[in-house]
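Data first, discussion second: the structure below is written as structure tokens.
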Amino acid sequence: MAMKFTEEQLNSFDKSMLIQLFLNQQEQLEKVSADLHSLDTKMQAMMEQLILANKNRFGRSSEKMEDAQQLRFAAVDGTIVFFNEAEAVCDLEAPEPETLEPAPERRKKATGKKAQDMSGLPTNRIDHYMTEEELTAEFGANGWKQLPDAITRRYRFIPAKVEVDEHHVGVYASKTDGHMIKAKHPKSLLHGSPVSVSLAAAVMNGKYVNAVPLYRLEQEFLRYGLAITRQNMANWMIRLGEEYLAVLYDHLHSLLYSYHVIQADETPVLVNRDGRSAGSKSYMWVYRSGHMYPEKQIILYEYQRTRNASHPREFLKNYSGICVTDGYQVYHTLEKEREDLTIAGCWVHARRRFDEALAVVPKERQKESASYLILKQIQTIYRKEGKLKDLSSEERLSRRQVAIKPLVDALFAYLKQHESEVGTEKLKDAFSYALNQEKYLRVFLTDGDVPMDNNASERAIRGFCVGKKNWQMIDTINGAKSSAIIYSIAETAKANNLKPYEYFEHLLTEIPKHMDDSDRSFLDDLLPWSEKLPDVVRKPKKQ
């Protein structure tokens, strides 16, 4: 408890005692001031977290900025200043237009959306014509002429049905020596199991493409009269993944090394029985071919129990090139270990931190804040980049150097110039992240094949994240590894415009035929971009 003195007591103190009392009081005030500042900082951080939590719960998820007006940074006498779009692009020597009327455009009549949607589907022609007697009664003898048919199209849905394929295999025996032989016939997909290619493909499509939990598939099959338990289906997925689809997975893994640019990401997953305490986090990693290579896309999942650097180190051990990631440190560790691996950063992760910093600023002051100005600059960089998507790698790199690099230079100059002036905790975090990641965020300016962000990886892992919410956890390590394999095939098929069900069915038909082959060249014919795939596997191209 603080001591209190009366006026008489203070008058009786000598000078040295009064000085000591004053110094003690000053020390206490400094401590109280420091405590108040600490509490204020913590309160500000808590308020920022509360605002972001409410925004995440009730606000829009998009980071798109509502104000379409663009901003530019520019250096004037060594000082970074802001310009609006008009000042940034003006050219006083540009000739004035002779007329303000736009040139008329001749637009081709667009095909109706319904006709486009139906164009790739098989068509059953159903005729509706009048008989000659009916026409005579209506128009008189020879009193009509045939006009072009009126055509209407309607979707026809054929519900799924279950049948039994009963294979009768001829068995023959010699009359002389008694030896026996069977007629050629397809082997069972799994020894001792009634599962067929079509049924296995249906389970894979349901669980790994449509994110339907096995217990719901069990109920659905029961409605068709099939008593297939979720344990049956789980066992099938593990065995089919390990015995057949893993062969194609390994082949795709080796092909991934041939890409100059790849991308990587990871997401947590719970595995119930992996030798650790309940609730321990495992991770599903995803590696994919670079977003700039749309023709032959590869997406591979890999299950691992932890998130440490040993996993990407092993998966990428034979890879040389550029890997686009978020700011996770393990990738930077790999880059330091190897001379043939370059890590590129993700601008979306940098932008997201400034978006969070903007969210905690009162709405009436947002457009005056540093967060807003920085977000507008990043938006401008993205708009410039968006105009280069159809260019070749060389042309894109050249245009980036001319149009985008000065904007990036100005942005980082501004961040360094104003870092010490940052107020809120969220904005400090955004500044710190962007400046720490500068080396990696600049990589896209040095190579035309490198995308600005890692969104393609996040999209690739989204299918797993949706499914993960539906069944919460993968029960065993074997189940997790097989799920990684099947997810890889499903996502790769989707990325290459294939029908996943038909692709699974084709793979499970063809791969078992070659399991005894030492030559794996047959796998090239099964790749998603192979011209030898049957047409039924490919989605119809939109007209």
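Please read all numbers here as calculations on a predicted model, not as lab measurements.
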### Donor + acceptor pair across side chains of Asn496, Gln297 (<3.5 Å)
no
### Task
For the residue pair Tyr293 and Asp449, confirm or rule out a side-chain donor-acceptor distance under 3.5 Å.
yes
Side chains of [X] and [Y]: closer than 4.5 Å at any heavy-atom pair?
X	Y	answer
Lys182	Val171	yes
Lys405	Arg400	no
His167	Pro186	yes
Arg352	Val348	yes
Leu256	Ser289	yes
Gln304	Glu266	no
Trp347	Ile378	yes
Thr306	Tyr283	no

Checking [X] side chain against [Y] main chain: does a donor-acceptor pair fall under 3.5 Å?
X	Y	result
Thr492	Ile489	no
Asn232	Thr229	yes
Ser488	Ala484	yes
Thr342	Ile322	no

Could [X] and [Y] be called an ion pair, given the rule that one side-chain N must be under 4.0 Å from one carboxylate O?
X	Y	answer
Glu395	Arg399	no
Asp265	Arg459	no
Glu314	Lys317	yes

Supply the atom-to-atom distance [X] [atom1] to [Y] [atom2], rounded to the nearest 0.5 angstrom.
X	Y	atom1	atom2	result
Arg230	Phe221	CZ	CZ	13.5 Å
Glu242	Ser482	CD	OG	4.5 Å
Gln263	Ile299	CD	CD1	10.0 Å
Arg351	Ser371	CZ	OG	14.0 Å
Leu407	Gln377	CG	CD	5.0 Å
Ile151	Thr123	CD1	OG1	10.5 Å

### Query
Once the angle between the rings of Tyr440 and His332 is folded into 0 to 90°, is it parallel (under 30°), tilted (30 to 60°) or perpendicular (over 60°)?
parallel
Distance-minimising heavy-atom pair for [X] and [Y]:
X	Y	result
Val195	Leu189	O-CB, 4.0 Å
Leu527	Tyr503	C-OH, 3.8 Å
Gly448	Leu397	N-CB, 3.9 Å
Pro451	Val261	CD-CG1, 4.2 Å
Leu498	Pro500	O-CD, 3.3 Å
Asp326	Asn454	N-ND2, 4.1 Å

[X], [atom1] atom: more than 12 neighbouring heavy atoms under 6.0 Å:
X	atom1	value
Lys296	NZ	no
Glu337	CD	yes
His191	NE2	no
Glu295	CD	no

### Task
Under the side-chain contact (heavy atoms from CB on, under 4.5 Å) rule, what do Leu245 and Phe504 come out as? Steps first, then yes or no, please.
CA-CA 9 Å; Leu245 298 183; Phe504 280 130; 4.2 Å; yes
### Task
Let me see the working for Asn436 and Ser432 under side chain to side chain donor-acceptor pair (under 3.5 Å), right down to the final yes or no.
CA-CA 6 Å; Asn436 290 336; Ser432 176; 3.3 Å; yes
#### Entry: Residue pairs, two or more places apart or on separate chains, that pass side-chain hydrogen bond (donor to acceptor under 3.5 Å, both in side chains) and touch residues 523-538
His251-Asp524
### Query
Tell me the side-chain hydrogen bond (donor to acceptor under 3.5 Å, both in side chains) pairs involving residues 513-522, sequence neighbours left out?
Glu510-Lys513, His514-Asp517, Asp519-Ser521
### Task
Give the intermediate values and the outcome of side-chain contact (heavy atoms from CB on, under 4.5 Å) for residues Leu214 and Lys207.
CA-CA 7 Å; Leu214 290 182; Lys207 174 168 177 165; 3.8 Å; yes
### Query
Given His349 and Glu458, is the side-chain contact (heavy atoms from CB on, under 4.5 Å) satisfied, shown in steps?
CA-CA 11 Å; His349 282 77; Glu458 294 192 359; 3.0 Å; yes
## Note on the structure
Per ring-ring contact (aromatic ring centres under 6.0 Å, His included), Phe315 is matched among Tyr301, Tyr331, Tyr303, Tyr287 by Tyr287
### side-chain hydrogen bond (donor to acceptor under 3.5 Å, both in side chains) involving Thr333 - partner list, sequence neighbours excluded
none
### Criterion side-chain contact (heavy atoms from CB on, under 4.5 Å) on Leu445 and Ile404, from CA distance to verdict
CA-CA 8 Å; Leu445 296 172; Ile404 298 178; 3.9 Å; yes
## Note on the structure
Of Leu334, Asn308, Val330, the one forming a side chain to side chain contact (heavy atoms under 4.5 Å, CB included) with Arg313 is Leu334
### Query
Are Glu491 and Lys494 close enough, and set up right, to give a salt bridge (Lys or Arg N to Asp or Glu O under 4.0 Å), and what steps lead you there?
CA-CA 5 Å; Glu491 291 299 323; Lys494 287 157 59 178; 3.0 Å; yes
